[in-house]
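Along the sequence shown, the residues carry numbers beginning at 1.
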Amino acid sequence: HLESPNVYVKAGLFDAIAKINIVISRLKDFNPDKKIALHSSYTELFISGDDVKFFQVVHNLLSNAIKFTKPKGQIDVIVGDDEKFISVEVKDNGIGIPEHLQPHIFKKNTPAARQGLKGENSLGMGLYIVNKLVRLQKGQLTFSSEEDKGSSFIFRIPKNT
């Protein structure tokens, strides 16, 4: 799907905070054993971009955080912005990514694919797709992780695409 020349960004005005709240609400319903919190100085933040791709990125990053965070673990979604960009950080206190796997996590069919803590299978495509979706929106995706301490993924995209 992402390799198709027909994949494009469909720009429209949407409330990024509302999209994030929808993802959090849905994932909390299925994962009551995790603490998921949104941190933002905004109750709404309208940006011009592809709301579907934005939703997919947030959903995938949160799903991964849930998959690799133990029961009663903490997952924080931190939203910030500046004049031109919105940034969304998904930070957890989960099991982290071993250092030897970190160079591979954005690769297609990555050898870094691991089962989740509840035995969830991985195709090794999630972060590859997230990275592609962020780049399609003229953004950047970065991460930091320490084994047994957690991970932080931050994506920044222009507020107007």
Side-chain angles (χ1 to χ4, degrees), residues 1-10 16 19-20 22-24 26-28 30-31 33-39 47 49-82 84-159 161:
H1 170 256
L2 286 174
E3 303 302 326
S4 168
N6 298 326
V7 175
Y8 59 93
V9 174
K10 181 180 173 189
K19 291 288 180 189
I20 293 168
I22 290 168
V23 176
I24 289 172
R26 289 181 182 172
L27 290 175
K28 272 184 172 182
F30 292 102
N31 301 280
D33 62 331
K34 307 291 192 298
K35 297 178 210 158
I36 306 171
L38 173 62
H39 305 278
I47 64 173
D50 192 317
D51 66 325
V52 174
K53 288 176 181 54
F54 182 87
F55 186 93
Q56 287 174 306
V57 168
V58 172
H59 187 274
N60 189 290
L61 291 176
L62 266 172
S63 293
N64 277 356
I66 289 167
K67 189 159 83 168
F68 296 110
T69 299
K70 294 177 182 170
K72 298 186 178 162
Q74 182 70 41
I75 300 165
D76 294 303
V77 181
I78 303 142
V79 179
D81 77 324
D82 58 31
K84 295 184 179 182
F85 289 87
I86 178 176
S87 65
V88 179
E89 177 180 10
V90 176
K91 182 178 180 178
D92 66 62
N93 65 353
I95 63 170
I97 302 166
E99 199 170 318
H100 72 280
L101 295 178
Q102 291 183 15
H104 307 287
I105 65 167
F106 296 131
K107 293 179 181 173
K108 188 176 187 178
N109 299 316
T110 180
R114 303 181 290 164
Q115 275 193 339
L117 297 180
K118 294 180 182 175
E120 305 95 330
N121 286 329
S122 172
L123 299 175
M125 294 290 289
L127 290 172
Y128 167 78
I129 292 170
V130 165
N131 194 34
K132 285 282 206 179
L133 291 173
V134 169
R135 287 178 36 216
L136 272 172
Q137 297 175 82
K138 297 179 175 67
Q140 301 169 318
L141 176 64
T142 59
F143 81 99
S144 62
S145 186
E146 192 173 340
E147 201 166 3
D148 298 321
K149 294 197 176 176
S151 299
S152 169
F153 286 83
I154 301 171
F155 73 93
R156 286 174 37 96
I157 58 170
K159 287 197 227 178
T161 53

Heavy-atom check, side chain of [X] versus side chain of [Y], under 4.5 Å:
| X | Y | answer |
| --- | --- | --- |
| V52 | K10 | no |
| Q56 | H59 | no |
| D82 | R156 | yes |
| K19 | V58 | no |
| L133 | N60 | no |

Of the non-hydrogen atoms in [X] and [Y], which two are nearest, and what is the gap between them?
| X | Y | result |
| --- | --- | --- |
| I105 | L127 | O-CB, 3.3 Å |
| I86 | A16 | CD1-CB, 3.6 Å |
| K107 | Y128 | O-CB, 3.7 Å |
| P158 | F85 | N-CD2, 3.5 Å |

Quick one: [atom1] on [X] to [atom2] on [Y], what's the gap to the nearest 0.5 Å?
| X | Y | atom1 | atom2 | result |
| --- | --- | --- | --- | --- |
| E147 | L101 | CD | CG | 8.5 Å |
| K34 | L62 | NZ | CG | 12.0 Å |
| K67 | N31 | NZ | CG | 12.0 Å |
| Q74 | I36 | CD | CD1 | 9.0 Å |
| K132 | L141 | NZ | CG | 13.0 Å |
| I66 | I75 | CD1 | CD1 | 5.0 Å |

Taking [Y]'s backbone N and O only, do any of them form a donor-acceptor pair with [X]'s side chain (distance below 3.5 Å, no angle check)?
| X | Y | answer |
| --- | --- | --- |
| K70 | N93 | no |
| Q102 | I97 | yes |
| D92 | G150 | no |
| S87 | D81 | no |
| E89 | S152 | no |

- request: Please say whether more than 12 non-hydrogen atoms of neighbouring residues, nucleotides or ligands are located less than 6.0 Å from NZ in K91.
  value: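 No - once you tally the heavy atoms of other residues, nucleotides and ligands closer than 6.0 Å, there are 12 at most.
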field: Parallel, tilted or perpendicular: rings of F153 and F143 (30°, 60°)
entry: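 Parallel.
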Residue from V77, D76, V79 passing side-chain contact (heavy atoms from CB on, under 4.5 Å) with H39: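 Answer after filtering V77, D76, V79: D76.
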Worked verdict on F54 versus I20 for side-chain contact (heavy atoms from CB on, under 4.5 Å): CA-CA 9 Å; F54 182 87; I20 293 168; 3.9 Å; yes
message: N64 vs V90, test: side-chain contact (heavy atoms from CB on, under 4.5 Å). Steps then yes/no.
response: CA-CA 10 Å; N64 277 356; V90 176; over 6 Å; no
